[in-house]
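One structure below.
Predicted, not measured: the structure shown is a model, and the values here were computed from it. Numbering of ligands and ligand atoms starts at 1, following listing order.
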Amino acid sequence: MQPLEEISQAADRWRNSIGRRPIKAALFDMDGTLYDSMPRHAQAWHRLLTELDIPHSLDEIYLYEGMTGAATINLLFNRHYGRNATPEECSRYYEAKTRYFNELPTAPIMPGAPQVLNYLASAGLTIILVTGSGQHSLIDRLNHDFPGIFHRDRMVTSANVNHGKPHPEPYLLGAAMAGVSPAECIAIENAPLGVESASRSGAFTIGLTTGPIPAQKLAEAGADIVLPSMQSLADNIEIILNNLNHKYHPLPKL
Ligand code: MG
């Protein structure tokens, strides 16, 4: 299927399923979406888990993306030791993982991200960060790297949710911070658990395959549309928004 046709069909499905509502806010995941930071997170987890002698694969770490650090540690502890980590272990190991991450070279901005953000901001959308991360090294860079886009009180992080992704709470809170219904939001995500969280909240969910996880996994997690990169979203964001807002004229038959 041609990409434009796919966008048009996804937007049709979206409008038909929940009724027509203009999009008023954009909810952005951070790691693997705004920053090409996932290889560094995977390396930092790998270093920690190797030290703890917990068997793991590098690729599986990408599947845990979106979960809070504590949830990831508990999942691995349960698998290996058959128990949750204590709160003390959780904070000690997450602190170590964060330190290992910070020792690595700074993660680059995802190519295409500034274009997408600037377009959405100029289109009048409220932009909200919805990250499972509690690591300040990247959160603190947002205002510097994307000037005028993010606002301190418009950020959902691991600090202000009870349930991390794939629970819908982070994206529901993101929509609430924007003062709109999730049905008036687009969400941009790169990980299956994040896509599931966004999709369950009711936002139109755009999955980006920016790492080793195949498009099919994001579609299965509930993505309304899957694009191969943030740059591809930059190239198509105007068309997507116009389709969702039904301002776009029917596409010519290709
Ligand atoms: Mg992500």
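- For N190 atom OD1 and D29 atom OD2, the angle they make at the Mg ion (ligand 1) is roughly 90°, to 10 degrees.
- For the Mg ion (ligand 1), the N/O/S atoms of T33 include none lying under 2.8 Å.
- Taken to the nearest 0.5 Å, the CD1 atom of I213 stands 7.0 Å off from the CG atom of N190.
- Side-chain contact between V180 and T126 is absent, with no heavy atoms from C-beta onward closer than 4.5 Å.
- The atom of D31 nearest to the Mg ion (ligand 1) is O, with the search restricted to N, O or S atoms.
- Of all the N, O or S atoms in E65, the one closest to the Mg ion (ligand 1) is OE2.
- If you check the side chains of Y64 and E60, you find a donor sitting under 3.5 Å from an acceptor.
- Note that K97 lies in the cation-pi zone of F101, set by a 6.0 Å cut-off to the ring centre and a 45° limit from the axis.
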